[in-house]
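Counting starts at 1 for both ligands and their atoms, in listed order.
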Amino acid sequence: MIDIFAKHAALRAAYDGLTAVSPRNPFEVVIERPLSATVGLIEGRETLLFGTNNYLGLSQSGHAAEAAIETARTMGVGTTGSRIANGTFGLHRKLEERLASFFGRKHCMVFSTGYQANLGTISALVNKDDVLLLDADSHASIYDGAKLSGAQVIRFRHNDPVDLEKRLARLSDHPGAKLIIAEGIYSMTGNVAPLDKFVEIKKRHGAYLMADEAHSFGVLGENGRGVAELQGCEDGIDFVVGTFSKSLGTVGGYCVTDHDGVDLMRLCSRPYMFTASLPPEIIAATLAALDDMVAHPELRTRLQDNAARLHAGLKAAGLQTGEHVSPVVAVTLETVPQAVGFWNALLENGVYVNLSLPPATPDNRPLLRCSVMAAHSPEEIDQATAVFKQVAEHFRD
Ligand code: PMP
C-alpha cells in the first residue's frame, strides 16, 4: 500500500527539526484566556499580546458581545445553510447594505471568512482565458483563489509598479481580461502598497484592479476605508476585499464594488455557494463593531501612535524592522534556530508575538511578526521593546 503521508516527508523533517530545538510548539500556542484586549493567560502567565491582529481591540467590545448574545437568544446560533440554498437571513442583507454604504459602493457580498472572500471573488471573476497579475508577496488566499480560477498567473515584484507595468505591456495582445491584485498592508511585513500607482497603470493597460485591505480596513484612511482611501484612489479600485477578523474582531469577509456584474457572482462563486453562511450572532457582533469603529476614530489615531512607538522602540533596540511604520512590525532575523530561540525567550519573558518561518516569509528569512493595537498603553509597548532589547543582547553575546 502506498503511504498516503509519504508526501509530507520534507515537512515532517522540518517540523521534527523545529520541535527538537523549541521547548514549545510555535504553531500551537494556547491563549488559555484573554484577560483584556492586550493581555492573555499563556502557560499560566499574564502575557502581553503583540501578535493578534486585533488592531482596534474590538474582539473585546462589550457592545459587540451584547449584540451577539441578544441575537443568539432571539435568532439562534447558526443558519445551517448556504446563502444560495437556505442560509440567507435578513441580517446578511443588512450587513451587506451597511458595508456598501460604509465604502460608498453600489454592491457588497459577504463571505464566511476573509479567506473565502478572496477565493470566492477571484475564482468568480477570472477563468482560464484570463490573466491574473499578483504581487509576489500575496497572501495564500490570493494564490489559492488563483488556482481555483484556472487563470494564467503572472507574479510581479513586490510593491513594484515598474515591474507590473513591464509585465502588463507584454500582454497587450492577450485577448483575456487582466486582473491585478495587491494588498493594502502586507500581513507579514507591514509594507504598504502603492495602490495609487497601480491605479494609473491599470488605466493605461485596460486592466481591472482588486485590493485586499484585510490588514488596512479600519486601520488606515480618515474613515478607516484602508490604503485606497489614504492614497485618494478609491475610484480606481474595481474590487475591494477584506475581512472582519482583524480590525472588527469577529470573523467573515467581504467584497465591495461598483460593477453591476457581481449579481451573478453569487451564482458562480463556489466558496460563497457551497458553504454555510455567517451565523446571526457573528453578523450582529460585526455590525456593532463597525458602529464602534465609526464612532471612535480616535482608535485609529492611537493605533498609529502606537505603531510609531513600537517601530521606533524596536529600531532603537538595534533590531532590523521594515521601513514602513504600520501596525504590523516585523523583526527580521538571519537563521531559523536564532528566530526560534528568540521567540521562545520573548514568550518566557511575557511577550507573545508570531514566529513566521520560510517559506511563508518574503526573502526566505525568519520574522518575529508583531502587531500592535490601539488598546496597548505606552507602558505596555515600552515593556515589550525592553524585553526585545534584553533578549537581543543575550543573542548577540
Ligand atoms: N487576506 C490577507 C492579506 C490576510 O492576511 C488574511 C488572514 N491572515 C486573509 C486574507 C484571510 O482572512 P481570514 O483570516 O479572515 O480568513
Exercise for review: Return the residue, atom name and 0.1 Å-rounded distance of the protein heavy atom closest to atom 5 (O) of ligand 1.
Suggested key: H215 NE2, 2.7 Å
Review point. What atoms in ligand 1 come closer than 4.0 Å to a heavy atom of S245?
Key: 13 (P), 14 (O), 15 (O)
Review point. At a 4.0 Å threshold, what atoms of ligand 1 neighbour a non-hydrogen atom of N118?
Key: 1 (N), 10 (C)
Check your understanding: Does S247 use its side chain to pair, donor to acceptor, with the backbone of L56 at less than 3.5 Å?
Key -> no
Point to revise | Residue S141 vicinity, atoms of ligand 1 by number, heavy atom under 4.0 Å | key: 1 (N), 10 (C)
Review point. Can you check whether A214 has an N/O within less than 3.5 Å of an N/O in ligand 1?
Key: no
Point to revise | atom 9 (C) of ligand 1 - nearest protein heavy atom and its distance | key: H139 CE1, 3.5 Å
Check your understanding: In terms of atom number and element, which parts of ligand 1 are under 4.0 angstrom from non-hydrogen atoms of S187?
Key -> 5 (O)
**Study point:** Q60 (side chain) donor-acceptor with G57 (main chain) under 3.5 angstrom
**Key:** no
Check your understanding: Which residue and non-hydrogen atom of the protein lie closest to atom 15 (O) of ligand 1, and at what distance in Å?
Key -> T243 OG1, 2.6 Å
Review point. Taking all atoms of both residues into account, what is the closest heavy-atom pair of D291 and R98, and its distance?
Key: OD1-NH2, 3.0 Å
Review point. Heavy-atom contact under 4.0 Å between Q116 and ligand 1?
Key: no
**Study point:** Y186-H158 aromatic ring centre distance below 6.0 Å
**Key:** yes
**Study point:** Heavy atom of G253, distance to ligand 1 below 4.0 Å
**Key:** no
**Study point:** Under 3.5 Å side-chain donor-acceptor pair for H376 and N306
**Key:** no
Point to revise | Which residue and heavy atom of the protein sit nearest atom 8 (N) of ligand 1, plus the separation | key: K246 NZ, 3.0 Å
Quick one: side chains of residues 343-352, donor-acceptor pairs under 3.5 Å with protein atoms, not counting sequence neighbours, listed by atom name and distance.
{"residue": "W343", "atom": "NE1", "partner": "V353", "partner atom": "O", "Å": "2.9"}
{"residue": "N344", "atom": "OD1", "partner": "R24", "partner atom": "NH1", "Å": "2.7"}
{"residue": "N344", "atom": "ND2", "partner": "S22", "partner atom": "OG", "Å": "2.9"}
{"residue": "N344", "atom": "ND2", "partner": "V340", "partner atom": "O", "Å": "2.9"}
{"residue": "E348", "atom": "OE2", "partner": "R24", "partner atom": "NH1", "Å": "2.9"}
{"residue": "E348", "atom": "OE2", "partner": "R24", "partner atom": "NH2", "Å": "3.4"}
{"residue": "N349", "atom": "ND2", "partner": "A345", "partner atom": "O", "Å": "2.8"}

Exercise for review: Could you tell me the residue and atom name of the protein heavy atom closest to atom 2 (C) of ligand 1, and the distance to it rounded to 0.1 Å?
Suggested key: D212 OD2, 3.3 Å
Check your understanding: Of all the non-hydrogen atoms in the protein, which one sits nearest to atom 16 (O) of ligand 1, and at what distance?
Key -> Y115 N, 2.8 Å
Exercise for review: Would you please classify the geometry between the Y15 ring and the F27 ring as parallel, tilted or perpendicular, with 30° and 60° separating the classes?
Suggested key: parallel
Check your understanding: Can R105 and D258 be counted as an ion pair, charged N to O under 4.0 angstrom?
Key -> yes
Review point. Would a distance-only check, ignoring hydrogens and angles, find a side-chain to backbone donor-acceptor pair under 3.5 Å from N127 to G150?
Key: no
